[in-house]
Amino acid sequence: MEEPKTKNGSEAGESRPGNFIRAIIDEDLKAGKNDGRVVTRFPPEPNGYLHIGHAKSICLNFGLARDYRGKCHLRFDDTNPCKEEVEYEESIQNDVRWLGFDWGENFFHASDYFPQLYEYALDLIRQGKAYVCSLSAEQMRDYRGTLREPGRESPYRDRSVEENLDLFQRMKAGEFPDGTHVLRARIDMASPNLNLRDPVIYRIRHEEHHRTGDQWVIYPMYDYTHCISDALERITHSICTLEFEDHRPLYDWVLDQLDVPCHPQQIEFARLNINYTVLSKRRLIELVTGGFVSGWDDPRMPTLSGIRRRGYTPVSIRNFCEKVGVAKRDSCVDMGLLEFCIREDLEQAAPRAMGVLRPLKLVIENYPEDQVEEFEAPCHPNDPAMGTRTIPFCRELFIERDDFMEDPPKKFFRLAPGREVRLRYAYIIKCTEVIRGAHGEIVELRCVYDPETRGSAPADGRKVKGIIHWVSARHAVAAEVRLYDRLFVKEDPCADKSVDYKTHLNPHSLEVLTGCLVEPSLAKAVPENRYQFERLGYFCADRWDCKPGRLVFNRTVTLKDTWAKIDKKD
RNA sequence: UGGGGCGUCGCCAAGCGGCAAGGCACCGGAUUUUGAUUCCGGCAUACCCAGGUUCGAAUCCUGGCGCCCCAGCCA
């Protein structure tokens, strides 16, 4: 967290946006709750990679801890040995750190509490508030009732404390196969809240756990584990997403029965949605395993590792999460906001360079054959502190194919036959001839340059509106450039439940360009270096594939393109 | 005629009875050797609807309507 530590949100001068969670904390503080402590936690299940939706939660929880001078714990919710892996734990920690947050010593696992959780379960049984149920899964579903009808009590509901204790201990000892018994909380089978109809709190799973190995064959369920874990860690505000709102009565019930250190407050907020992508673990996994993307960190993925590889910066993600706000309304944020955030950051942070994606050869006929000039260009037009780089210039250049049109529309002010244009940081040139190939395609442009226009406007006062980028044919360096676009063509790929969301995958979400040419100063680019290729967009040297002698750039985002808008309108 | 939430500009989102913040997008215009950036200006007589209370309501009350979540031994 590189930002200066600030005081809490209630103090004057604080500019952070207010949200209902901060309002609750402010009130709690005013009322003297929790001895003035603020302790939050980010509790991922290690069964997938983090995505931008998690970033919202991370920024919220760690941000609260920062602003209220509290703590935010990182706790892995690893209660289901069937789905969880260490690979995920590692990636999650990397991603949280990359985002810019630090949990310090406060690193935990729900599995750390298995022994205590077990003791608490015994306690519940002794109080007659939990029982071993031997109904099958199907039977239990049947007994649970429906949304409108109350459930029926299990025939095992009134087993004696002794029998329950005995059975539960034997469950733990591994005497029974999976699915034969569960431990259930004894609450109310007629509750309109299904979560309270004697929820399962322990199940048998003869499965190796990635941390506890084969030490346990019974594993606690989320509802039972999460609240107790929070209490043991003395969490003050347990922030989760809306779908857990119905679970809050159970969260509170469990803590009310037990002798725990404190009773944290669960607060729910709306999860993040972004259009033209999907943010559900299940679907992201499917995209990866189905080979629809190259992996979890494919630059098109909304995963933090994907976004990172695409070229997004941590600060841009944090700003995005800040701008998105925190509320309880289901919402879907425009992808355009994310793009705004990365442009906003890179505009000031990324050094400029010239690169030609689709090269078109251009020969300056009145420029001496052997002459080479070197131009000193600023690395940033508005920030001299970023220094300069030198750009070689000679008779033969490459320009962007899109910057030439034989028969241009009115508002096109780039190169065309007989027209003048400025070569950025160099001379004004005029196109005199178009050379064609065997099939009539344009293969080369012949031009003349005005030697008097280097670094200055023409003396005769004529106006040249267009400025285009270029590279020297003799000095340019080859590069591969990967152009990324939105992953889906539909705003909400999952809106129509009768159609597989994958049918809305954007077939043009990746375009690989291999014949690109970039200015020689880029030869030294190392993985994750970010640049603005002038007039084109922001590009990031690929984290894995960019190596000395083989440049690979990913397009993070284009520059705002007013011309494209005008062109589309006409 | 199950329960729990939510409805303020195209998209987010403040607002908590005193007369609709802000951001994105969008539309003008200025500067500009990136059609970028920056800069100025515009952008809800209106807060799901209908009644009611009040001098005064997005904010309170009543009744509708709409959307989301819940019937895993997932989290």
Side-chain angles (χ1 to χ4, degrees), chain A residues 17-19 23 43-45 47 77-80 82-84 133 135-137 140-142 144-151 178-184 190-197 199-205 219 221-223 225-226 240-249 268 270 272 275 281 319 322-341 343-344 347-348 352 354 377 380-382 411-414 422-426 428 453 455-457 464-469 532-537 558-567:
Chain A
N19 62 50
E45 183 188 12
N47 70 342
D77 231 326
D78 56 348
T79 57
N80 187 348
C82 311
K83 293 162 60 179
E84 297 148 7
C133 181
L135 251 23
S136 70
M140 203 179 295
R141 190 180 317 126
D142 188 45
R144 188 157 31 231
T146 67
L147 292 179
R148 312 182 322 286
E149 299 151 9
D178 290 5
T180 50
H181 306 280
V182 293
L183 185 68
R184 289 228 253 171
S191 173
N193 182 340
L194 306 227
N195 295 122
L196 263 20
R197 317 241 264 227
V200 171
I201 59 179
Y202 263 96
R203 76 288 216 187
I204 301 172
R205 281 259 198 288
Y219 291 92
M221 299 285 289
Y222 165 84
D223 285 307
T225 307
H226 202 86
C240 62
T241 43
L242 250 30
E243 66 269 29
F244 291 102
E245 217 152 14
D246 285 344
H247 295 240
R248 196 170 62 225
E268 311 84 10
L272 175 67
N275 57 193
K281 231 181 262 184
N319 287 159
E322 202 72 51
K323 285 181 201 294
V324 145
V326 178
K328 297 194 70 160
R329 190 185 332 176
D330 288 312
S331 61
C332 185
V333 175
D334 197 314
M335 183 64 109
L337 184 62
L338 221 205
E339 293 175 347
F340 168 82
C341 289
R343 287 190 186 112
E344 179 188 48
E347 152 59 27
Q348 48 87 36
R352 311 288 128 122
M354 290 199 285
H380 190 114
N382 311 316
K411 292 170 190 152
F412 183 85
F413 40 85
R414 277 114 94 146
R422 153 123 10 226
L423 294 175
R424 173 135 247 227
Y425 297 127
I428 288 175
T453 56
S456 60
V464 175
K465 179 108 171 115
I467 299 155
I468 64 172
H469 57 97
Q532 183 197 100
F533 287 4
E534 294 206 61
R535 305 208 309 129
L536 296 176
T558 62
L559 251 31
K560 206 172 114 190
D561 192 349
T562 308
W563 163 243
K565 210 181 289 175
I566 295 167
D567 193 33

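Quick note on labels: first sequence line is chain A, next is B, and so on, each numbered from 1. Keep in mind the model is a prediction, meaning the values are calculated, not measured.
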Q.
What's A/R414 touching, base or sugar-phosphate or nothing? Going by heavy atoms closer than 4.0 Å.
A. base
Q: Give one of base, sugar-phosphate or nothing for A/V200, where a contact means two heavy atoms less than 4.0 Å apart.
A: sugar-phosphate
Q: Could you tell me whether the phosphate oxygens of B/A25, OP1 or OP2, come under 4.0 Å of any side-chain nitrogen or oxygen in A/K560?
A: no
(Q) For A/R343, give me all partners under salt bridge (charged side-chain N to carboxylate O under 4.0 Å, His left out), at least two apart in sequence or on another chain. (A) none
Q. Among B/A36, B/C73, B/U33, which nucleotide sits nearest the side chain of A/M221?
A. B/C73
Q: Identify which nucleotide among B/G72, B/U33, B/A75 has an atom closest to any side-chain atom of A/R424, counting heavy atoms from C-beta outward.
A: B/U33
Q: Report, as a single string ordered 5' to 3', how protein heavy atoms within less than 4.0 Å touch nucleotides 8-19 of chain B: B base, S sugar-phosphate only, - not at all.
A: B--SSSS-----
Q | Distance in angstrom units between A/R422 CZ and B/G35 C1', rounded | A | 16 Å
Q.
Does A/G466 reach a base, just sugar-phosphate, or nothing at all? Heavy atoms under 4.0 Å.
A. nothing
Q.
Applying a 4.0 Å non-hydrogen cut-off, can you work out what A/F533 is touching in the nucleic acid: base, sugar-phosphate, or nothing?
A. nothing
(Q) Does B/G10 count as syn, meaning its glycosidic angle lies within 90° of 0, or as anti? (A) anti
Q. According to the 5.5 Å centroid and 30° plane-angle thresholds, does A/W563 stack upon the nucleobase of B/G35?
A. yes
Q) Looking at NZ of A/K411 and OG1 of A/T562, how far apart are the two atoms once the value is rounded to the nearest 0.5 Å? A) 12.0 Å
**Q.** Inter-residue atom distance A/H247.NE2 - A/N193.CG, 0.5 Å rounding
**A.** 8.0 Å
Q: Report the relative orientation of the aromatic rings in A/F412 and A/W563; use parallel for angles under 30°, tilted for 30 to 60°, perpendicular for over 60°.
A: perpendicular
Q | Residue-phosphate contact under 4.0 Å: A/R203 side-chain N/O, B/C74 OP1/OP2 | A | yes
Q: Check every strand shown and say whether A/L338 touches a base, only sugar-phosphate, or nothing at a heavy-atom separation below 4.0 Å.
A: nothing
Q. Would you say a side-chain N or O of A/R343 is under 4.0 Å from OP1 or OP2 of B/A36?
A. no
Q: Report which part of the nucleic acid A/H226 touches: base, sugar-phosphate, or nothing (heavy-atom distance under 4.0 Å, all strands).
A: nothing
Distances for protein N/O vs nucleotides 1-3 of chain B N/O pairs under 3.5 angstrom?
| from | atom 1 | to | atom 2 | distance (Å) |
| --- | --- | --- | --- | --- |
| B/G2 | N9 | A/L147 | O | 3.2 |
| B/G2 | N2 | A/P192 | O | 3.3 |
| B/G2 | N3 | A/L147 | O | 3.2 |
| B/G3 | N2 | A/D246 | OD1 | 3.4 |
| B/G3 | N2 | A/D246 | OD2 | 2.7 |

(Q) Side chains of A/H469 and A/R424: any donor to acceptor distance under 3.5 Å? (A) no
Q. Hey, does A/E268 reach any base, or is it just sugar-phosphate, or nothing, if we go heavy atoms under 4.0 Å?
A. nothing
(Q) At 4.0 Å (heavy atoms only), tell me whether A/D77 reaches a base, stays on the sugar-phosphate, or touches nothing. (A) sugar-phosphate
Q) Touch check for A/S191, heavy atoms < 4.0 angstrom, all strands: base, sugar-phosphate only, or nothing? A) nothing
Q | Partner nucleotide, any strand, of B/C39 [Watson-Crick/G-U, under 3.5 Å] | A | B/G29
Q) If you check the A/K83 side chain, which of B/A71, B/U33, B/C74 turns out closest? A) B/C74
Q) So what does A/K281 touch, heavy atoms closer than 4.0 Å: a base, only the sugar-phosphate, or nothing? A) nothing
**Q.** A/K560 with A/E339: basic N within carboxylate O range, under 4.0 Å
**A.** no
Q) Among the nucleotides B/G35, B/U34, B/C74, which one has an atom lying closest to any side-chain atom of A/P381? A) B/U34
Q: Give A/Y219 one of three labels, base, sugar-phosphate or nothing, depending on what nucleic acid heavy atoms sit under 4.0 Å from its own.
A: nothing
Q) For A/F244, which contact category applies under a 4.0 Å heavy-atom criterion: base, sugar-phosphate, or nothing? A) base
Q: Please work out if A/Y222 contacts a base, only the sugar-phosphate, or nothing of the nucleic acid, heavy-atom cut-off 4.0 Å.
A: base
Q) Does B/G66 have a Watson-Crick or wobble partner in any strand here, with both distances under 3.5 angstrom, and which is it? A) B/C6
Q: Working to the nearest 0.5 Å, report the span between CG of A/N80 and CE of A/M221.
A: 8.0 Å
Q: Look at the side chain of A/T562 and decide which nucleotide, out of B/A75, B/G35, B/U34, has an atom nearest to it.
A: B/G35
